[in-house]
Amino acid sequence: MSFCDLAVSGVAELQPYVPGKPIEELQRQYGVRDVIKLASNENPLGPSKAALAAVALSSKEMTRYPDGNGYALKMALADKNQLAPEQITLGNGSNDVLELVARAFAGAGDEVVYSEHAFAVYPIVTKAIGATGVVAAAKDYGHDLAAILKAITSRTKIVFIANPNNPTGTWIAAAEIKAFLEKVPENVLVVLDEAYVEYLEQQENTIAWLQDFHNLIITRTFSKAYGLAGLRIGYAMSHPEVADLLNRVRQPFNANSLAQAAAVAALGDDNYLQQAREINAAGMKQLIAGFEKLALQYIPSKGNFITVNVHSNAAEVFDDLLYEGVIVRPVANYGLPQHLRVSIGLPAENERFLEALTKVLGRGE
Ligand SMILES: *Cc1c(COP(=O)(O)O)cnc(C)c1O
């Protein structure tokens with residue numbers, strides 16, 4: 001007997017999510033020092049001082065369960081985003097709310113649509129519950145909304161769209177998404193995953209669309225621009241009835257107390273967010289200039305990362321970079337075997353990465 005035969009059929013065929021290599025692991029396995037990690041789209045600034053202070057204060061109450069309703073954080077989010085707290089669902093990272101959507105609305109026999117090269121968590125949450133993932137072909141590495149529309153059938157329950165998308169950094173204009181929402185049947189839920197929305201130069205008020213499109217769920221996170229990836233806190237904004245259903249499948253204490261406190265503080269720290277945006281814009285320019293000097297093609301990105309074509313076996317380049325103490329992200333599992341994804345770091349980190357890449361590609365001399 002194989003336990004694979006016992007598992008839910010989708011689980012047996014799943015590949016586990018491959019996270020960025022932790023710094024300590026590289027130090028342990030390769031014996032290299034001064035490691036820099038540009039592999040998980042983390043904020044290179046470190047956490048905001050306000051968030052750190054909130055965590056210190058909150059940690060004194062660590063013996064108690066968190067507020068299972070997340071009152072303070074929901075109030076802060078509702079206030080900032082002009083919606084009712086009843087429309088918000090908190091998660092242990094936004095990955096958690098993506099899973100809640102799948103569990104609440106899809107099951108065996110149902111279809112869930114997402115794009116080629118889209119975020120790896122969509123197939124995981126889909127297959128884990130025995131639903132069928134339907135992949136719409138990408139266009140220029142990005143989401144092709146026409147192809148996604150075509151992929152919708154009477155069995156489709158959910159469509160996942162990441163905007164900007166990870167790992168490609170591609171982005172769809174708000175007007176196009178709105179036109180798409182107008183064409184999607186109202187009994188199909190559309191999850192608009194906006195994990196990188198804070199980095200967009202032009203901020204579109206997508207949250208206002210919730211009034212017109214009751215099947216729309218917008219997810220956001222504190223892991224990226226807000227710099228709290230290690231604490232695990234994200235949220236969904238939706239119609240209150242949808243939020244009520246998500247709440248039924250949610251673990252009662254899925255958002256921990258330190259994360260809730262830090263998120264409230266981070267939301268109020270506009271300076272930090274502004275600094276994060278500026279360092280990201282500057283680092284993006286720095287990396288692009290470096291790629292152009294190396295004559296490497298890259299996918300133009302609106303996120304805090306950029307995916308570059310190294311024109312060879314990217315797995316080898318990735319490995320060679322590890323020996324230089326630089327961790328980036330291979331994306332072969334996203335159907336991009338020649339590309340590497342690099343998170344934007346501090347100026348000195350970006351420089352070190354470019355120097356290491358130049359050396360590894362043998363273009364230094
Ligand atoms: C990083 C990321 C998330 C956020 O994950 P968390 O669970 O909130 O840390 C969600 N969606 C996409 C596309 C991402 O890249």
Side-chain angles (χ1 to χ4, degrees), residues 16-20 22 37-44 47 51 70 73 77 88-103 112-126 128 138 141-143 158-172 177 190-200 206 217-237 246 250-251 254-256 258-260 262-263 266-267 276 280 299 301-307 328-331 333-336 339 341-344:
Y17 180 83
V18 185
K37 183 182 174 205
L38 301 174
S40 300
N41 303 344
E42 294 147 342
N43 195 320
L73 179 54
L77 285 168
I88 299 169
T89 306
L90 301 181
N92 182 34
S94 60
N95 277 288
D96 188 28
V97 291
L98 297 173
E99 187 182 0
L100 295 182
V101 175
R103 283 176 46 217
V112 176
V113 178
Y114 38 81
S115 174
E116 181 188 11
H117 312 312
F119 189 41
V121 167
Y122 309 151
I124 293 179
V125 299
T126 299
Y141 298 111
H143 288 55
I158 304 166
V159 175
F160 284 110
I161 291 177
N163 200 41
N165 181 45
N166 169 22
T168 56
T170 48
W171 174 81
I172 317 162
I177 298 191
V190 177
V191 177
L192 190 56
D193 178 347
E194 296 190 327
Y196 301 97
V197 72
E198 295 86 4
Y199 291 107
L200 295 178
T206 50
I217 302 173
I218 298 173
T219 61
R220 294 189 180 181
T221 181
F222 286 92
S223 297
K224 308 286 160 58
Y226 286 103
L228 300 177
L231 280 176
R232 313 303 305 125
I233 183 92
Y235 57 101
M237 295 173 285
L246 298 180
R250 181 179 68 85
Q251 286 185 34
N254 64 333
N256 74 78
L258 303 185
Q260 289 188 37
L267 262 190
N280 192 63
I299 308 172
S301 168
K302 298 268 187 188
N304 65 345
F305 58 90
I306 183 162
T307 295
V328 296
R329 190 69 157 267
V331 282
N333 55 334
Y334 286 92
L336 300 166
H339 287 78
R341 192 194 70 193
V342 192
S343 306
I344 311 295

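In each ligand, atom 1 is the first atom listed, and ligand 1 is the first ligand listed.
Residue contact check: Asn166 has heavy atoms under 4.0 Å from atoms 13 (C), 14 (C), 15 (O) of ligand 1. Heavy-atom proximity to Arg232, at under 4.0 Å, picks out these atoms of ligand 1: 6 (P), 7 (O), 9 (O). Atoms of ligand 1 lying under 4.0 Å from at least one heavy atom of Ser223, given by number and element, are 6 (P), 8 (O), 9 (O). For ligand 1, the atoms closer than 4.0 angstrom to any heavy atom of Lys224 are 1 (C), 2 (C), 3 (C), 4 (C), 14 (C), 15 (O). Ligand-side atoms of ligand 1 in range of Ala195: 2 (C), 3 (C), 10 (C), 11 (N), 12 (C), 14 (C), range being under 4.0 angstrom from any heavy atom.
Not one N or O on the side chain of Asn163 forms a donor-acceptor pair closer than 3.5 Å with the backbone of Glu194. Put simply, the side chain of Thr89 never gets that close to the backbone of Ala236: no donor and acceptor are under 3.5 Å apart. Checking side-chain atoms of Asn256 against main-chain N and O of Leu231 turns up a donor-acceptor pair under 3.5 Å.
Ring orientation note: the planes of His339 and Tyr141 are nearly perpendicular, at an angle over 60° on the 30°/60° scale.
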message: Does Phe119 form a ring pair (Phe, Tyr, Trp, His ring centres under 6.0 Å) with Tyr114? I'd like the steps, not just the answer.
response: CA-CA 9 Å; Phe119 189 41; Tyr114 38 81; over 10 Å; no
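Regarding atom 4 (C) of ligand 1, its nearest protein heavy-atom neighbour is Ser94 OG, 3.1 Å. The protein heavy atom nearest to atom 5 (O) of ligand 1 is Asn95 ND2, 3.1 Å. Nearest to atom 15 (O) of ligand 1 among the protein's heavy atoms is Tyr196 OH, 2.6 Å.
Residue Asp193 touches ligand 1 through its side chain alone, judged by heavy-atom distances below 4.0 Å. With a 4.0 Å cut-off on non-hydrogen atoms, Phe222 does not touch ligand 1 at all.
Between Asn95 atom CG and Leu100 atom CG the span is 11.0 Å, to the nearest 0.5 Å. Atom CD of Glu99 is separated from atom CZ of Arg250 by 13.5 Å, given to the nearest 0.5 angstrom. The distance from the CD1 atom of Ile299 to the CZ atom of Arg341 is 11.5 Å, given to the nearest 0.5 Å.
For Asp96, no nitrogen or oxygen atom sits less than 3.5 Å from a nitrogen or oxygen atom of ligand 1, counting backbone and side chain alike. Any N or O atom pair closer than 3.5 Å counts here, and Tyr122 shares no such pair with ligand 1.
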